[in-house]
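Report on the structure given below.
For this chain, numbers begin at 1 and follow the sequence in order. As the structure lists them, so they are numbered: ligands from 1, and atoms in each ligand from 1.
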Amino acid sequence: MDITNDIKNKKTIEKLAYYDSLTGLANRTLLRDRMNKAIQSAKREKTKLAIIFLDLDHFKLINDTLGHSVGDDLLIHIAEILKVHIRESDTLARLGGDEFVILLPSVKSNIDAQNVASKIQQTLQSKHDIGNHQLYITSSIGVSLYPNHGEDAEELIRNADTAMYEAKNSGRNNYKIYSKSMGNYIDQQMHLEKDLIQAVKNKTGIEVFYQPKIDSISSFISGAEALVRWRHPTNGMIFPDQFIHIAESTGLMIELGNIIIEESIFQVQEWNKLGLVGLKIAINLSARQFQGSNLVTFISSMLLNYQVSPSQVEFEITETLSMTNMTNTLRILTELKAIGVSIAIDDFGTGHSSLAYLKKFPVNTLKIDRSFVMDIIENDEDKTIVQTIISMAHSLGLNTVAEGVETLEHVELLQSMDCDQLQGYYFSKAIPKDEFTKFIQNYIPNN
Ligand code: C2E
Ligand code: CA
Ligand code: CA
């Protein structure tokens with residue numbers, strides 16, 4: 001009896017020490033162990049080994065909006081899928097959170113590793129049924145190779161992690177092989193993060209630029225989209241693609257978002273005072289802002305404070321946001337509708353919304369993603385997509401805005417397609433408030 005118990009205990013202890021309790025995959029300790037062995041053998045045989053570092057995109061968002069148990073189920077589900085795609089000799093580990101690592105103990109070249117990475121990425125990139133949620137998953141992958149990118153397990157994991165960050169930064173759903181030039185990336189991000197916290201706390205350097213939107217029939221300026229910029233004390237002007245994700249991952253987004261909302265609504269009041277009446281401002285909202293408890297109250301108080309009519313304000317949300325937690329999104333959108341502001345779906349056509357969802361949401365406007373507008377002249381398929389979106393929107397009683405309008409050809413084609421509003425470099429890029437005021441005062445509609 002005692003002996004069987006001992007063996008059982010030993011097995012349990014081993015399990016705890018070497019395996020991840022949620023997914024049953026190898027943990028960091030076992031991975032390191034296997035890596036050390038693989039490195040020894042690669043050294044002897046003069047072969048290569050590869051480390052694939054995988055991180056799910058927007059996992060935190062799923063966890064925060066749908067709850068940890070859905071997040072856990074998703075991780076277990078992903079682990080099962082990954083298991084199917086590796087060989088017996090490979091080691092699949094979970095390092096914690098949504099970070100998975102695969103050790104390929106023997107590869108001929110980085111091509112082998114790339115093939116595995118892209119195969120995994122393609123398999124994961126689809127709809128997953130988790131409980132009663134349908135989740136769209138993508139992942140970012142970084143790859144490092146022995147001996148090229150590190151001598152020991154620590155260094156190889158660290159460099160694969162760095163490559164993974166680089167993949168995330170270049171638009172997610174991507175994989176990258178480590179290179180030395182990436183080394184400073186994490187360092188840079190940490191500095192930026194520290195500086196952004198300061199900027200938001202002190203409200204310094206956060207600026208809102210405005211890009212005009214043109215009414216397609218009258219050719220007059222109907223309003224503007226508010227686009228945030230960060231004037232960094234030493235690095236100069238930083239664009240949102242470089243810092244919004246930092247704000248989102250550090251919990252700064254709500255505060256930053258509030259600064260942008262206040263500034264934009266204040267600016268509408270200024271324009272009203274100057275006699276430039278009736279402009280409508282479009283403000284981007286990120287998923288994080290939907291998680292705070294005070295969004296609608298804050299917006300109402302700003303409208304009141306600056307005496308701006310809610311009919312002069314529109315909020316842009318992305319399809320991914322609206323899909324993540326339908327119940328919560330629907331509740332907030334309904335509240336926003338009740339206070340009288342309008343709602344636009346941003347980057348329309350790139351996400352996964354369907355007509356059914358659109359009907360459920362109190363939406364006023366669809367913004368056609370600029371990737372469709374870009375090729376609308378040359379590409380018949382994109383032209384058909386845009387035409388379909390516009391007709392569909394109109395039949396649902398929605399307005400359409402085309403973004404990324406860059407040429408006169410774009411303008412004329414979109415006008416002929418009955419697109420309601422146009423926005424893009426053809427008219428102007430996003431400019432500081434005073435410049436916008438001058439722009440509108442000097443603007444002559446070419447009708
Ligand atoms: P978005 O909402 O799709 O904004 C449009 C982006 O396209 C802007 O880039 C704008 O400058 C750019 N753009 C406008 N016209 C053209 C054109 O004709 N051609 C091309 N190639 N580009 C054009 P920006 O300002 O760098 O913003 C990038 C993204 O950052 C935005 O994409 C939005 O998702 C996010 N963002 C910007 N401001 C805010 C903000 O205040 N809050 C939040 N949550 N996100 C923001
Ligand atoms: Ca937008
Ligand atoms: Ca957009």
Side-chain angles (χ1 to χ4, degrees), residues 58 61 169 171-172 196 199-200 203 205-214 223-231 237-267 280-292 295 298-299 313-322 342-351 363-377 400-411 414 419 421-433 435-436 439:
H58 305 298
L61 187 63
N169 201 38
R172 298 167 201 268
L196 187 62
V200 171
K203 299 194 184 181
I206 305 293
E207 288 179 29
V208 179
F209 277 33
Y210 301 90
Q211 184 177 37
K213 286 163 69 179
I214 276 67
E225 177 173 5
L227 292 157
V228 67
R229 304 288 182 258
W230 176 19
R231 210 178 285 278
M237 182 77 85
I238 305 183
F239 284 79
D241 289 338
Q242 301 294 315
F243 66 90
I244 290 286
H245 68 278
I246 302 181
E248 299 208 318
S249 65
T250 51
L252 275 178
M253 192 59 226
I254 293 184
E255 258 178 279
L256 174 60
N258 285 350
I259 295 177
I260 297 162
I261 293 170
E262 172 155 21
E263 182 62 34
S264 308
I265 293 179
F266 166 78
Q267 194 51 50
K280 191 162 184 166
I281 191 82
I283 304 171
N284 292 284
L285 285 180
S286 92
R288 286 278 153 193
Q289 292 170 274
F290 269 58
Q291 291 159 23
L295 180 66
F298 181 79
I299 292 168
V313 180
E314 179 161 81
F315 288 97
E316 298 189 357
I317 64 167
T318 59
E319 294 175 78
T320 359
L321 185 163
S322 55
S342 33
I343 307 291
I345 304 280
D346 206 352
D347 305 337
F348 189 78
T350 57
V363 168
N364 309 80
T365 306
L366 295 189
K367 280 194 95 166
I368 305 162
D369 191 66
R370 69 168 176 273
S371 59
F372 299 115
V373 176
M374 207 164 66
D375 297 328
I376 195 175
I377 305 291
T400 49
V401 182
E403 58 178 29
V405 177
E406 295 189 353
T407 65
L408 184 59
E409 274 176 300
H410 288 159
V411 175
L414 287 158
C419 184
Q421 290 181 66
L422 311 173
Q423 178 184 347
Y425 294 166
Y426 176 73
F427 302 101
S428 168
K429 57 188 199 309
I431 45 183
K433 56 178 192 253
E435 227 174 286
F436 186 91
F439 180 85

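- Residue contacts with ligand 1, taken as heavy atom pairs separated by less than 4.0 Å, do not involve M374 at all.
- Among L227, L285, I283, the single residue meeting the side-chain contact (heavy atoms from CB on, under 4.5 Å) criterion with I260 is I283.
- Legend: side-chain hydrogen bond (donor to acceptor under 3.5 Å, both in side chains) pairs involving residues 250-261, not counting sequence neighbours, sorted by first then second residue: K201-E255.
- When heavy-atom distances to ligand 1 are checked against a 4.0 Å cut-off, I244 comes that close only through its side chain, counted from C-beta outward.
- N284 approaches Q289 most closely through the heavy-atom pair O-OE1, 4.0 Å.
- Considering backbone and side-chain atoms together, R370 places an N or O closer than 3.5 Å to an N or O of ligand 1.
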Residue pair I244, V228: steps toward the side-chain contact (heavy atoms from CB on, under 4.5 Å) verdict: CA-CA 9 Å; I244 290 286; V228 67; 4.1 Å; yes
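- Counting atoms of ligand 1 from 1 in the listed order, those under 4.0 Å from a heavy atom of E225 are 2 (O), 4 (O).
- When side chains are defined from C-beta on, E316 does not count as touching D347, because their heavy atoms never get closer than 4.5 Å.
- Atom OE2 is the N, O or S atom of E225 at the shortest distance from the Ca ion (ligand 2).
- Of the heavy atoms in V228, both backbone and side-chain atoms come closer than 4.0 Å to ligand 1.
- Of the heavy atoms in V208, none comes closer than 4.0 Å to ligand 1.
- Taking 4.5 Å as the limit, every side-chain heavy atom of L252 sits out of range of all side-chain heavy atoms of I246.
- Those atoms of ligand 1 with a heavy atom of Q211 less than 4.0 angstrom away are 14 (C), 15 (N).
- Both the backbone and the side chain of S286 come within 4.0 Å of ligand 1, judged by heavy-atom distances.
- Counting heavy atoms from C-beta on, the side chains of I317 and I345 come closer than 4.5 Å.
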For residues 207-214, tabulate all N or O donor-acceptor pairs below 3.5 Å that involve a side-chain atom, not counting sequence neighbours.
residue, atom, partner, partner atom, Å
E207, OE1, R231, NH2, 3.1
E207, OE2, R231, NE, 2.6
E207, OE2, R231, NH2, 3.4
Q211, OE1, Q423, NE2, 2.7
Q211, NE2, S428, O, 3.0

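- In the vicinity of E406, heavy-atom distances shorter than 4.0 Å reach the ligand 1 atoms 17 (C), 18 (O), 19 (N), 20 (C), 21 (N).
- Nearest to atom 2 (O) of ligand 1 by heavy-atom distance, out of I238, L285, D346, is D346.
- Not one N/O/S atom of E403, from backbone or side chain, sits under 3.0 Å from the Ca ion (ligand 2).
- Using a 4.5 Å cut-off on side-chain heavy atoms (C-beta onward), E225 and V401 make no contact.
- Taking a 4.0 Å cut-off on heavy atoms, M253 registers as neighbouring ligand 1.
- For ligand 1 and P240, the ligand atoms under 4.0 Å from any heavy atom of the residue are 24 (P), 25 (O), 26 (O), 27 (O), 28 (C), 30 (O), 36 (N), 37 (C).
- When the N, O or S atoms of D346 are ranked by distance to the Ca ion (ligand 2), OD2 comes first.
- Below 4.0 Å from some heavy atom of D347 lie the following atoms of ligand 1, by number and element: 3 (O).
- Closest to atom 25 (O) of ligand 1 by heavy atom, among R229, E316, Q242, is R229.
- Annotation: E406, atom CD; neighbour count of heavy atoms from other residues, nucleotides and ligands within 6.0 Å is above 12.
- Looking at K429 against ligand 1, nothing comes within 4.0 Å, counting heavy atoms.
- Proximity to E403 (heavy-atom distance under 4.0 Å) selects the following atoms of ligand 1: 3 (O).
- The residue K367 has no part lying near ligand 1, judged by heavy-atom distances below 4.0 Å.
- Closest non-hydrogen pair, W230 versus F243, comes out as CB-CE2, 3.6 Å.
- Taking a cut-off of under 4.0 Å to the non-hydrogen atoms of I260, the atoms of ligand 1 that pass are 40 (C), 41 (O).
- Note on E316: its N/O/S atom closest to the Ca ion (ligand 2) is OE1.
- The shortest heavy-atom contact between K280 and S342 is NZ-OG, 2.8 Å.
- Two residues are said to be in side-chain contact when any heavy atoms from C-beta on lie closer than 4.5 Å; F348 and T400 fail this criterion.
- Inter-residue side-chain proximity for E403 and D346 is flagged as met; some heavy-atom pair is nearer than 4.5 Å.
- Look at A430 and you'll find every heavy atom at least 4.0 Å from all atoms of ligand 1.
- Within ligand 1, counting atoms from 1 as listed, the ones closer than 4.0 Å to a heavy atom of D241 are 28 (C), 29 (C), 30 (O).
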